[in-house]
Amino acid sequence: RFLGEYLCLPHDLTAKQLVAQAGLDPAPRQSGTLDGPRRISKRGNRHLRAAMHMPAVNTVRHCEEVKGYYRLLTVERKKKRLVAYTAVARRLLVSLHVMLTTRTRFDPTRFYTGKVPDAPNLAV
């Protein structure tokens with residue numbers, strides 16, 4: 001599903017433009033003096049955004065480095081589960097873009113190399 005949507009996009013997109021095309025980029029909610037929370041823009045390709053959700057969930061379950069990044073978001077930064085999955089999907093999209101443009105394999109050690117917080121009761 002991802003490749004079908006990815007191949008329809010222009011080939012000269014940068015990673016930042018690809019994230020915006022998928023609608024996974026953060027957008028501020030502002031009006032006058034109101035400064036609301038940031039959410040994803042959802043301006044891009046909804047099919048590409050949907051195609052990144054399940055790979056994000058499965059990668060969190062099966063890859064320790066990605067699980068460490070997810071735990072960082074949920075345990076230390078107190079993000080909600082879906083917000084953390086969206087952040088993983090965004091980072092996974094950038095990783096896939098780099099893999100396809102450089103023709104390299106997925107290297108999980110480059111996904112997240114920080115300290116993995118302990119979370120025994122973490123619902124994944």
### Message
Quick check against the 3.5 Å criterion: does Ser31 have a side-chain atom that pairs as donor or acceptor with the backbone of Leu34?
### Response
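Side chain of Ser31 to backbone of Leu34: no pair is present.
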### Query
Between His97 and Leu13, is there a donor-acceptor pair closer than 3.5 Å when you use the side chain of the first and the backbone of the second?
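Between the backbone of Leu13 and the side chain of His97 there is a qualifying donor-acceptor contact (under 3.5 Å).
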Min side-chain heavy-atom separation [X]-[Y] under 4.5 Å:
| X | Y | value |
| --- | --- | --- |
| Phe111 | Thr59 | no |
| Leu92 | Pro55 | yes |
| Arg77 | Leu72 | yes |

### Arg39 side, atom CZ; Arg29 side, atom CZ - distance, nearest 0.5 Å
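Those atoms lie 5.5 Å apart.
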### Message
Please report the interatomic distance CG(Asn45) to CG(Leu18), rounded to the nearest 0.5 Å.
### Response
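Separation between the atoms: 10.0 Å.
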### Message
Assigning hydrophobic clusters by single linkage (Ile, Leu, Val, Met, Phe, Trp, Tyr; side-chain heavy-atom cutoff under 4.5 Å), is Met54 placed with Met52?
### Response
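Looking at the clustering, Met52 is in a separate group from Met54.
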### Query
In the single-linkage hydrophobic clustering (I, L, V, M, F, W, Y; side-chain heavy atoms under 4.5 Å), do Val57 and Val83 co-cluster?
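Result: no, two separate clusters.
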### Qualifying residues under side-chain contact (heavy atoms from CB on, under 4.5 Å), relative to Arg1, sequence neighbours excluded
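Ala50, Ala51.
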### Task
Would you sort out whether Glu65 and Thr113 count as a side-chain contact (heavy atoms from CB on, under 4.5 Å), showing the intermediate values?
CA-CA 7 Å; Glu65 289 82 4; Thr113 57; over 6 Å; no
Which heavy atom of [X] sits nearest to which heavy atom of [Y], and what is that distance?
| X | Y | answer |
| --- | --- | --- |
| Arg49 | Ile40 | CD-CD1, 4.0 Å |
| Leu48 | Ala22 | CD2-CB, 3.7 Å |
| Arg61 | Lys67 | O-NZ, 3.6 Å |
| Gln17 | Thr14 | OE1-N, 2.9 Å |

### Passing candidate, side chain to side chain contact (heavy atoms under 4.5 Å, CB included) with Leu93, options Val88, Leu24, Val98
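Going through Val88, Leu24, Val98 one by one, the side chain to side chain contact (heavy atoms under 4.5 Å, CB included) with Leu93 is satisfied by Leu24 alone.
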### Verdict with supporting geometry, Met99 and Arg105, side-chain contact (heavy atoms from CB on, under 4.5 Å)
CA-CA 6 Å; Met99 286 171 39; Arg105 298 184 72 119; over 6 Å; no
### Task
Go through the structure and list residues passing side-chain hydrogen bond (donor to acceptor under 3.5 Å, both in side chains) with Asp35, not counting sequence neighbours.
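For Asp35, the residues satisfying side-chain hydrogen bond (donor to acceptor under 3.5 Å, both in side chains) (neighbours in sequence not counted) are Gln30.
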### Query
What pairs with Thr109 under side-chain hydrogen bond (donor to acceptor under 3.5 Å, both in side chains), at least two apart in sequence or on another chain?
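Expected list: Asp107.
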### Message
I want to know whether Tyr70 and Tyr112 have ring centres closer than 6.0 Å.
### Response
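No.
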### Task
Could you walk me through whether Leu96 and Tyr6 pass the side-chain contact (heavy atoms from CB on, under 4.5 Å) test, one step at a time?
CA-CA 10 Å; Leu96 288 170; Tyr6 181 79; over 6 Å; no
